[in-house]
Student: 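Take this structure first; my questions come after.
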Amino acid sequence: MKSNQEDEPYEKLCIWLGESEDSNWTKYSTELVAKTVLIDFTQKQWEKLEKEVLEKPEFWQQRCVVSLGEDRSDHAVTILKLLLSKSPYKDVKILSAYELDWAEVPIEKKYASFIKKIIDTIPSSEIEPEIYSLLAKAERSKL
């Protein structure tokens with residue numbers, strides 16, 4: 001029973017994000033997840049999310065990204081950077097770039113190449129300013 005309690009916030013996250021694209025999700029869900037679920041995460045749960053997030057389907061990763069963007073904690077930013085650099089899904093990478101730019105957190109120079117790859121996959125007329133903004137921050141970074 002103790003391990004169940006230890007995993008409860010992570011399990012709540014999984015329930016909120018849903019089992020399929022058809023699972024209930026609204027524009028208000030991101031804030032609710034950030035303020036009622038992620039806020040209760042322990043170090044162990046953040047580590048579990050970081051370990052498992054790349055194995056999740058695209059819809060799940062997308063929902064996770066926007067929820068992490070609402071949270072903006074150091075743990076959330078770490079996972080956003082992971083998704084920006086390693087998610088197999090283009091839209092997840094794009095959403096991660098938006099959230100990282102909006103969070104106004106330092107972005108290391110090593111992420112510039114990942115952002116350039118995103119830019120290379122999008123028609124120039126469709127590239128939002130946030131992508132270029134994040135690229136500029138990464139290229140100027142001394143980290």
Side-chain angles (χ1 to χ4, degrees), residues 3-123 125-143:
S3 65
N4 187 25
Q5 288 176 340
E6 288 176 8
D7 289 339
E8 187 177 337
Y10 186 83
E11 290 169 8
K12 282 184 184 177
L13 176 68
C14 293
I15 291 167
W16 269 96
L17 299 182
E19 293 182 14
S20 74
E21 287 185 69
D22 297 328
S23 300
N24 189 25
W25 187 258
T26 70
K27 65 182 181 178
Y28 306 107
S29 298
T30 59
E31 186 176 354
L32 288 170
V33 168
K35 293 184 177 185
T36 66
V37 178
L38 296 177
I39 196 164
D40 292 332
F41 264 37
T42 63
Q43 178 68 29
K44 181 180 173 185
Q45 287 143 0
W46 282 112
E47 289 169 2
K48 184 174 182 171
L49 178 58
E50 186 174 348
K51 181 181 174 190
E52 295 181 3
V53 71
L54 292 173
E55 300 167 7
K56 300 292 186 180
E58 183 174 12
F59 81 90
W60 203 96
Q61 286 186 22
Q62 289 173 343
R63 293 174 181 182
C64 189
V65 164
V66 292
S67 298
L68 292 168
E70 285 284 333
D71 182 70
R72 296 185 181 176
S73 67
D74 290 343
H75 292 294
V77 168
T78 296
I79 296 171
L80 286 170
K81 289 176 180 178
L82 173 69
L83 289 163
L84 171 70
S85 61
K86 296 193 177 173
S87 176
Y89 307 112
K90 178 176 129 180
D91 287 345
V92 171
K93 290 174 180 280
I94 292 169
L95 285 172
S96 297
Y98 292 159
E99 294 296 343
L100 286 164
D101 186 60
W102 293 330
E104 298 183 11
V105 294
I107 183 91
E108 295 84 352
K109 191 176 283 290
K110 69 182 180 181
Y111 292 101
S113 63
F114 300 110
I115 301 164
K116 287 177 184 176
K117 286 179 186 175
I118 293 170
I119 291 170
D120 290 343
T121 66
I122 304 172
S125 62
E126 296 177 20
I127 300 173
E128 299 291 335
E130 290 87 352
I131 304 259
Y132 288 121
S133 174
L134 190 65
L135 176 60
K137 289 175 191 175
E139 289 178 333
R140 287 192 311 265
S141 177
K142 296 183 186 198
L143 302 174

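What you see is a predicted model, and the numbers here were worked out from it, not measured in a lab. The figures here come from the full heavy-atom set of this structure, side chains too, leaving out hydrogens, waters and symmetry mates.
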Student: What distance separates T78 OG1 from L83 CG, expressed to the nearest 0.5 Å?
Tutor: 11.0 Å
Student: My understanding is that only residues two or more places apart in sequence, or in another chain, count here; which of them pass salt bridge (Lys or Arg N to Asp or Glu O under 4.0 Å) with E130?
Tutor: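 Result, salt bridge (Lys or Arg N to Asp or Glu O under 4.0 Å) vs E130: none returned.
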Student: Work out which heavy atom in Q61 is nearest to a heavy atom in S87; give both atom names and the distance.
Tutor: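 Scanning both residues, the minimum pair turns out to be OE1-OG, 2.6 Å.
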Student: Counting C-beta onward and ignoring hydrogens, is there a side-chain heavy-atom pair between K93 and K117 closer than 4.5 Å?
Tutor: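 No, their side chains stay 4.5 Å or more apart.
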Student: Can K12 and E8 be counted as an ion pair, charged N to O under 4.0 angstrom?
Tutor: yes
Student: The criterion is side-chain contact (heavy atoms from CB on, under 4.5 Å); which residues satisfy it with Q62, sequence neighbours excluded?
Tutor: E58, D91, V92, L95
Student: Assess whether atom NZ of K109 is packed by more than 12 heavy atoms of other residues, nucleotides or ligands within 6.0 Å.
Tutor: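 Yes, enclosed.
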Student: I'd like to know whether L38 forms a side-chain contact (heavy atoms from CB on, under 4.5 Å) with S73, so could you lay out the CA-CA distance, the side-chain angles of the two residues, the decisive distance to 0.1 Å, and finally the verdict.
Tutor: CA-CA 9 Å; L38 296 177; S73 67; over 6 Å; no
Student: Counting only heavy atoms not in D120, do more than 12 sit closer than 6.0 Å to its CG atom?
Tutor: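 Yes, because the 6.0 Å sphere around CG of D120 holds more than 12 heavy atoms from other groups.
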Student: Atom SG in C14, atom CD in E52: separation rounded to 0.5 Å?
Tutor: 7.0 Å
Student: Ignoring hydrogens and geometry, is there a side-chain-to-backbone donor-acceptor pair from T36 to L32 under 3.5 Å?
Tutor: yes
Student: Calculate, to the nearest 0.5 Å, the distance between atoms CG and CG belonging to L13 and L49 respectively.
Tutor: 6.0 Å
Student: Do I118 and K90 make a side-chain contact, defined as non-hydrogen atoms from C-beta onward lying under 4.5 Å apart?
Tutor: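 Contact flag for I118/K90 side chains = no.
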Student: Please walk me through it: do Y111 and L100 pass side-chain contact (heavy atoms from CB on, under 4.5 Å)?
Tutor: CA-CA 11 Å; Y111 292 101; L100 286 164; over 6 Å; no
Student: So, the side chain of E70 versus the backbone of S67: is there a donor-acceptor pair under 3.5 Å, distance only?
Tutor: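 No, the answer is negative, given that no donor and acceptor are paired below the 3.5 Å cut-off.
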Student: If you measure from CD1 on I115 to OG on S133, what distance do you get to the nearest 0.5 Å?
Tutor: 9.5 Å
Student: Quick check against the 3.5 Å criterion: does R72 have a side-chain atom that pairs as donor or acceptor with the backbone of E104?
Tutor: no
Student: Report the residues that fulfil ring-ring contact (aromatic ring centres under 6.0 Å, His included) with Y98, sequence neighbours left out, ordered by chain and then residue number.
Tutor: W102
Student: State, with a plain yes or no, whether a side-chain heavy atom of P9 is found less than 4.5 Å away from one of T42.
Tutor: no
Student: Out of curiosity, I119 CD1 to F114 CZ, how far, rounded to the nearest 0.5 Å?
Tutor: 14.0 Å
Student: Using the side-chain contact (heavy atoms from CB on, under 4.5 Å) rule, take K48 and K44 through it: C-alpha gap first, then chi angles, then the decisive distance, then the call.
Tutor: CA-CA 6 Å; K48 184 174 182 171; K44 181 180 173 185; 5.8 Å; no
Student: What is the distance from atom NZ of K137 to atom CD of E139, rounded to the nearest 0.5 Å?
Tutor: 13.0 Å
Student: When you look at T30 and W25, which way does the side-chain contact (heavy atoms from CB on, under 4.5 Å) test go after all the steps?
Tutor: CA-CA 9 Å; T30 59; W25 187 258; 3.6 Å; yes
Student: More than 12 heavy atoms of other residues, nucleotides or ligands under 6.0 Å from CD1 of I39: is that the case?
Tutor: no
Student: Indicate the ring-plane relationship of W46 and H75, choosing parallel, tilted or perpendicular according to the 30° and 60° boundaries.
Tutor: parallel
